[in-house]
Engineer: 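A single structure is presented below for examination.
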Amino acid sequence: MASSYLIQRAQIIGAIREFFNGQGFIETDTPTLVLSPGMEPHIRPLQVADSGGAFLHTSPEFAMKKIMARGYHKIFQICKCYRHEPKSDTHNPEFTMIEWYRGHAGYEDIMQDVENLFSFIAKKMGQSEKKFQRISIEECFSRFAGKNLVSMLPLAGAS
């Protein structure tokens, strides 16, 4: 008998696809084996033995941005990603990621995508919709970490 978790996971992934397809996005499928894993120094890629120096991708970002450069401005992908980090309660070297891009849109449009996506999934899963509260990054640091973000940043223009 299939586990409840497995069934719910499949329903959520199906709902994600249904949401983005309904919004006119195109689902992409990019390579997971890449010659260049990316330029983010804080993300450690996994190199594949006997691959000629290739890596497992840490996200589909680079390949998806190449697709956008070809004129596709509403794309999404659900895929496995890999990062060389110790396994813990909050991290696994292999994980599933959703990434989407909406060209010619501002950050508030992407915020609205997130709210609409989570509301859509909640409805599909028989849950009540939640109200979203938008707060600044500065307020988030203050409220949840007890830190003053501005005091932690180097002064702009200081030499």
Side-chain angles (χ1 to χ4, degrees), residues 3-25 27-28 30 32 34 36-47 55-65 67-68 73-159:
S3 75
S4 175
Y5 170 80
L6 188 61
I7 293 168
Q8 287 179 348
R9 182 183 186 281
Q11 290 171 336
I12 290 168
I13 289 174
I16 292 168
R17 284 192 167 99
E18 184 180 345
F19 172 80
F20 281 109
N21 288 331
Q23 298 293 313
F25 283 74
E27 185 169 5
T28 63
T30 61
T32 56
V34 296
S36 175
M39 302 295 291
E40 297 181 48
H42 62 282
I43 296 177
R44 297 178 12 217
L46 285 166
Q47 192 165 21
F55 298 83
L56 293 173
H57 74 159
T58 58
S59 85
E61 177 181 357
F62 185 64
M64 290 179 73
K65 286 182 176 175
I67 293 169
M68 284 192 73
H73 297 288
K74 290 176 77 175
I75 58 175
F76 79 102
Q77 184 166 321
I78 302 168
C79 63
K80 294 292 185 186
C81 294
Y82 309 88
R83 297 183 183 178
H84 185 59
E85 300 292 336
K87 188 173 181 176
S88 70
D89 290 342
T90 59
H91 179 77
N92 193 29
E94 176 184 332
F95 58 96
T96 303
M97 176 186 281
I98 177 169
E99 187 130 356
W100 74 91
Y101 293 95
R102 175 190 286 275
H104 312 293
Y107 74 92
E108 290 181 335
D109 297 307
I110 305 303
M111 291 168 71
Q112 192 64 55
D113 283 344
V114 172
E115 293 173 4
N116 292 343
L117 172 62
F118 277 82
S119 293
F120 185 85
I121 293 169
K123 185 177 178 184
K124 284 288 186 179
M125 299 301 292
Q127 302 294 316
S128 61
E129 293 184 40
K130 306 281 188 229
K131 287 281 188 186
F132 292 92
Q133 180 184 19
R134 294 184 181 187
I135 63 174
S136 68
I137 292 173
E138 184 178 357
E139 185 178 345
C140 185
F141 268 78
S142 176
R143 188 185 300 178
F144 300 108
K147 302 286 184 186
N148 181 327
L149 180 62
V150 174
S151 70
M152 296 168 44
L153 299 174
L155 295 176
S159 44

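Keep in mind that the numbers below use all heavy atoms, side chains included, and drop hydrogens, waters and symmetry copies.
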Engineer: May I ask you to test the Pro93-His84 pair for a side-chain heavy-atom distance under 4.5 Å?
Structural biologist: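 No, their side chains stay 4.5 Å or more apart.
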Engineer: Check Ser59 against Cys81 and note the closest heavy-atom contact, atom names and distance.
Structural biologist: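 Distance-wise, the nearest heavy atoms are CA-SG, 3.6 Å.
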Engineer: Apply side-chain contact (heavy atoms from CB on, under 4.5 Å) to residues His73 and Met68 and explain how you reach the verdict.
Structural biologist: CA-CA 5 Å; His73 297 288; Met68 284 192 73; 4.1 Å; yes
Engineer: I need the Trp100 CH2 to Ile16 CD1 distance, nearest 0.5 Å.
Structural biologist: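 Nearest 0.5 Å value for the CH2-CD1 distance: 9.0 Å.
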Engineer: Any side-chain to backbone donor/acceptor pair from Thr28 onto Phe76? Under 3.5 Å, distance only.
Structural biologist: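 At least one qualifying donor-acceptor pair exists.
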Engineer: Provide the closest heavy-atom pair for Tyr82 versus Leu46 in the form atom of the first, atom of the second, distance.
Structural biologist: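 Heavy atoms only, the tightest pair is CB-CD1, 3.7 Å.
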Engineer: Between Lys130 and Phe118, is any pair of side-chain heavy atoms under 4.5 Å apart?
Structural biologist: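 Lys130 vs Phe118: side chains apart.
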Engineer: Any non-hydrogen side-chain atom of Glu138 less than 4.5 Å from a side-chain atom of Val150?
Structural biologist: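 Yes - at least one pair of side-chain heavy atoms lies under 4.5 Å apart.
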Engineer: Using a 3.5 Å distance criterion without hydrogens, assess whether the side chain of His57 forms a donor-acceptor pair with backbone atoms of Pro45.
Structural biologist: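 Judged by distance alone, no pair lies under 3.5 Å.
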Engineer: Nearest 0.5 angstrom please: Glu139 CD to Phe144 CZ, how far?
Structural biologist: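 If I round to the nearest 0.5 Å, the distance is 8.0 Å.
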Engineer: Please walk me through it: do Asn116 and Phe19 pass side-chain contact (heavy atoms from CB on, under 4.5 Å)?
Structural biologist: CA-CA 9 Å; Asn116 292 343; Phe19 172 80; 3.8 Å; yes
Engineer: Write down the atom of Ala15, the atom of Phe120, and the distance for their closest heavy-atom approach.
Structural biologist: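 In this case the closest contact between Ala15 and Phe120 is O-CE2, 3.3 Å.
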Engineer: Check His42 against Glu85 and note the closest heavy-atom contact, atom names and distance.
Structural biologist: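 The pair with the smallest heavy-atom distance is O-OE2, 4.1 Å.
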Engineer: Distance only, no hydrogens: is a donor on one side chain within 3.5 Å (strictly under) of an acceptor on the other, for Glu40 and Thr58?
Structural biologist: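 Checked: Glu40/Thr58 side chains show no N/O donor-acceptor pair below 3.5 Å.
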Engineer: Can Glu61 and Glu99 be said to form a side-chain contact (heavy atoms from CB on, under 4.5 Å), step by step?
Structural biologist: CA-CA 7 Å; Glu61 177 181 357; Glu99 187 130 356; 3.5 Å; yes
Engineer: Identify whether the distance between the nearest side-chain nitrogen and carboxylate oxygen of Glu115 and Arg134 falls below 4.0 Å.
Structural biologist: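 Yes, charged N to carboxylate O under 4.0 Å.
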Engineer: About how many Å separate CD1 of Ile78 and CD1 of Ile13, when rounded to the nearest 0.5 Å?
Structural biologist: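 Going from CD1 on Ile13 over to CD1 on Ile78, the span is 6.0 Å.
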Engineer: Is there a side-chain contact (heavy atoms from CB on, under 4.5 Å) between Tyr101 and Ile67? Walk through the geometry before answering.
Structural biologist: CA-CA 10 Å; Tyr101 293 95; Ile67 293 169; over 6 Å; no
Engineer: Are Glu94 and Leu56 close enough that some pair of their side-chain heavy atoms sits under 4.5 Å apart?
Structural biologist: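 Of all side-chain heavy-atom pairs linking Leu56 with Glu94, none is under 4.5 Å.
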Engineer: Are Gln11 and Met125 side-chain neighbours, meaning at least one heavy-atom pair lies under 4.5 Å?
Structural biologist: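 Result yes, sub-4.5 Å side-chain heavy-atom pair found.
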Engineer: Considering non-hydrogen atoms only, spot the tightest contact between Phe132 and Ser119 and give its length.
Structural biologist: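 Here Phe132 and Ser119 meet closest at CE1-OG, 3.5 Å.
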Engineer: Should the heavy atoms of other residues, nucleotides or ligands under 6.0 Å from NZ of Lys147 be counted, would the total exceed 12?
Structural biologist: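 Counting neighbours around NZ of Lys147, 12 or fewer heavy atoms of other residues, nucleotides or ligands fall under 6.0 Å, so no.
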Engineer: Report, as yes or no, whether the 6.0 Å neighbourhood of atom CZ on Arg44 holds more than 12 heavy atoms from other residues, nucleotides or ligands.
Structural biologist: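 Yes, the 6.0 Å shell around CZ holds more than 12 heavy atoms from other groups.
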Engineer: Does Ser88 reach the main-chain N or O of Thr90 with its side chain, forming a donor-acceptor pair under 3.5 Å?
Structural biologist: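 The answer is yes, because a donor-acceptor pair under 3.5 Å joins these two groups.
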Engineer: Salt-bridged, Arg102 to Asp113, with N to O below 4.0 Å?
Structural biologist: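 The answer is yes: the pair qualifies as a salt bridge.
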Engineer: Kindly compute the distance separating CZ (Phe20) from CD1 (Ile98), expressed to the nearest 0.5 Å.
Structural biologist: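 So the gap between those two atoms works out to 4.0 Å.
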Engineer: Is there a donor-acceptor contact under 3.5 Å from the side chain of Lys74 to the main chain of Gln23?
Structural biologist: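 Pair found, side chain donor or acceptor close to backbone of Gln23.
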Engineer: Decide if atom CD1 of Ile135 counts as having more than 12 heavy atoms of other residues, nucleotides or ligands within a radius under 6.0 Å.
Structural biologist: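 Enclosed.
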Engineer: If you compare all heavy atoms of Thr32 against all heavy atoms of Lys80, which two are closest, and at what distance to 0.1 Å?
Structural biologist: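 For Thr32 and Lys80, the tightest heavy-atom pair comes out as CG2-O, 4.3 Å.
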